[in-house]
Amino acid sequence: MAHQTHPYHMVDPSPWPLTGALGALLLTSGLALWFHFNDVILLPVGLIVLTLTVAQWWRDVIRESTFLGHHTAPVQKGLRYGMVLFIVSEVLFFAGFFWAFYHSSLAPTPELGGTWPPMGISPLNPFEVPLLNTAVLLASGVTVTWTHHSIMTGERKQAIQSLFLTIILGAYFTALQALEYYEAPFTIADGVYGSTFFVATGFHGLHVIIGSTFLAVCLFRQIRYHFTSTHHFGFEAAAWYWHFVDVVWLFLYVSIYWWGS
C-alpha cells in the first residue's frame with residue numbers, strides 16, 4: 001500500500017465483521033430466549049457487543065475517509081451504489097408489510113367479520129397524533145435538505161443548526177409514537193389488524209431511531225469540521241436514509257391510518 005498506484009481502497013484486515021456477526025448471533029439468540037423462556041442472560045451481552053462493534057467500525061470508516069484520504073472519487077461512487085442498494089432492500093422489506101396489510105384489508109375473511117377494520121377494533125383517529133407526526137416528519141425532511149444546502153455552500157453554522165433541529169424533530173416523532181402506542185385501544189395480539197399495524201409502524205419507528213442516530217453522528221462530525229462542500233458523503237447517505245423514512249411514513253399514514261381506518 002506504500003506504493004499504491006490506483007484510486008481504490010484496499011481495506012485493511014479488521015475484526016469488526018467477526019465481532020459484528022457474533023453480536024448479531026448473541027442478540028437474536030438472546031431475543032429468542034427472552035421471548036420463549038423469559039431469560040435475559042444473552043440479550044444485554046449481544047446488545048453490548050453489537051453496540052461496541054458498530055461504534056468502533058464507524059470510527060474506523062471516519063478515520064479512513066477524513067484523515068487517511070482513502071475515500072477517493074471511485075470509492076465514493078461505490079459507497080453511493082451500496083447505499084442505493086441498501087435503501088432498495090429496505091423498500092422491499094416494507095413492501096412485505098404493506099402486502100400483508102392489503103392482503104387482509106382488501107378482502108376481509110369471515111373470521112374478521114367480513115369488514116375492515118375487523119369487528120371489535122377501534123382504529124386510531126388519523127387526524128390527531130398521526131397527522132401531527134406526518135407534519136413533524138415532513139418538517140424534518142425540509143430541515144435535512146436545508147442542512148445539505150448549507151454544507152454545499154459552506155454555511156457551517158446553519159448546517160449545525162438545521163441538523164440539530166432535524167434530530168430534535170426525529171426525537172419528537174419517536175416520543176409521539178410512543179405515546180400513541182401507550183394509548184392505543186388495541187394491541188399487537190389483536191388479530192391481523194393489531195399485528196400488521198404494530199409491526200409496520202414499529203419497524204418504521206425503529207428506522208426513525210436509527211436515522212436519528214445516523215444524523216447525530218453527522219452532527220458530531222460537522223462540529224468537528226469533517227465535512228466540506230465536496231467531501232460529505234457520510235451526511236448524504238444519512239439524508240438519503242432520512243428521506244426514505246419520510247416517504248415510507250407517508251405510505252403508512254395514507255394506507256394504515258387513513259384508508260385502513
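The analysis underlying the following values was restricted to heavy atoms, covering all of them including side chains, and did not include hydrogens, waters or symmetry mates. Because the structure is a prediction, the values reported are computed rather than measured.
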Go through the steps to decide whether W58 and V217 satisfy the test side-chain contact (heavy atoms from CB on, under 4.5 Å), and finish with yes or no.
-> CA-CA 9 Å; W58 213 332; V217 172; 4.1 Å; yes
Start with the C-alpha distance between T109 and E111, add both sets of side-chain angles, then the distance that settles side chain to side chain donor-acceptor pair (under 3.5 Å), and finish with yes or no.
-> CA-CA 5 Å; T109 62; E111 290 81 6; 3.1 Å; yes
Check the pair E128, Y257 against side chain to side chain donor-acceptor pair (under 3.5 Å), reporting the backbone distance first and the verdict last.
-> CA-CA 10 Å; E128 293 181 351; Y257 284 98; over 6 Å; no
Hey, mind stepping through W57 and S14 against side chain to side chain donor-acceptor pair (under 3.5 Å) and telling me if it holds?
-> CA-CA 9 Å; W57 201 342; S14 170; 5.1 Å; no
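Within a 6.0 Å sphere centred on CH2 of W99, other residues, nucleotides and ligands contribute 12 heavy atoms or fewer. Within a 6.0 Å sphere centred on CD1 of I41, heavy atoms belonging to other residues, nucleotides or ligands number 12 at most. Under a cut-off of 6.0 angstrom, the local environment of CH2 in W240 is crowded, with over 12 non-hydrogen atoms contributed by other residues, nucleotides or ligands. Applying the 6.0 Å contact sphere to CZ of F220 captures no more than 12 heavy atoms from other residues, nucleotides or ligands.
In this structure, P130 and N133 have side chains that are not in contact, with every pair of non-hydrogen atoms separated by 4.5 Å or more. Residues L215 and L163 form a side-chain contact, since some pair of their non-hydrogen atoms from C-beta on lies under 4.5 Å apart. Considering only heavy atoms from C-beta on, L124 comes within 4.5 Å of E180 through its side chain. For the pair Y81 and Q76, the minimum side-chain heavy-atom distance is 4.5 Å or more. Residues F233 and F227 are not in side-chain contact: their nearest non-hydrogen atoms beyond the backbone lie 4.5 Å or more apart. For the pair W116 and S104, the minimum side-chain heavy-atom distance is below 4.5 Å. Looking at heavy atoms from C-beta onward, F101 lies out of side-chain contact with F197 at the 4.5 angstrom threshold. No side-chain heavy atom of Y253 sits less than 4.5 Å from a side-chain heavy atom of L250.
Rounding to the nearest 0.5 angstrom, the gap separating the NE2 atom in H103 from the OG1 atom in T196 is 11.5 Å. Note: E90 CD to H207 NE2 = 3.5 Å, rounded to the nearest 0.5 Å. In this structure, CD1 on I223 lies 11.5 Å from SG on C218, to the nearest 0.5 angstrom. A distance of 11.5 Å separates CG in L165 from CG in L219, rounded to the nearest 0.5 Å. Considering CG of L31 and NE2 of H36, their distance stands at 10.0 Å, rounded to 0.5 Å. Between Q158 atom CD and T147 atom OG1 the span is 9.5 Å, to the nearest 0.5 Å.
In this pair, F235 and H232 present their aromatic rings tilted. The plane angle is within the 30 to 60° band. Using bins of under 30°, 30° to 60° and over 60° for the plane-to-plane angle, the ring pair F86/Y241 lands in the parallel bin.
Contact detail for Q177 and G205: the closest heavy-atom pair is OE1-CA, 3.4 Å.
In this structure, a donor-acceptor pair under 3.5 Å is absent between the side chains of T143 and S162. Looking at Q56 and W16, their side chains never bring a donor and an acceptor atom within 3.5 Å of each other. For the 3.5 Å distance criterion, the side chains of S150 and R156 fail to qualify, holding no donor opposite an acceptor.
Every pair passing ring-ring contact (aromatic ring centres under 6.0 Å, His included) that includes a residue from residues 164-183 is listed here, sequence neighbours excluded: F173-H204, F173-W249, Y181-F198.
At distances below 3.5 Å, at least one donor-acceptor pair connects side-chain atoms of T72 with backbone N or O atoms of P7. Checked by atom type and distance alone, the side chain of S255 never pairs as donor or acceptor with a backbone atom of L252 at under 3.5 Å.
Aromatic ring centres of F94 and F203 lie farther apart than the 6.0 Å criterion allows.
Listed by chain and residue number, nothing satisfies the side chain to side chain donor-acceptor pair (under 3.5 Å) test with H149 (two or more places apart in sequence, or in another chain).
Cluster note: V49 groups with L22, L26, L33, F37, L42, V45 through ILVMFWY side-chain heavy atoms spaced under 4.5 Å, whether in direct contact or through intervening members.
By the rule that hydrophobic residues join a cluster once side-chain heavy atoms approach within less than 4.5 Å of another member, V75 and F67 end up as members of separate clusters.
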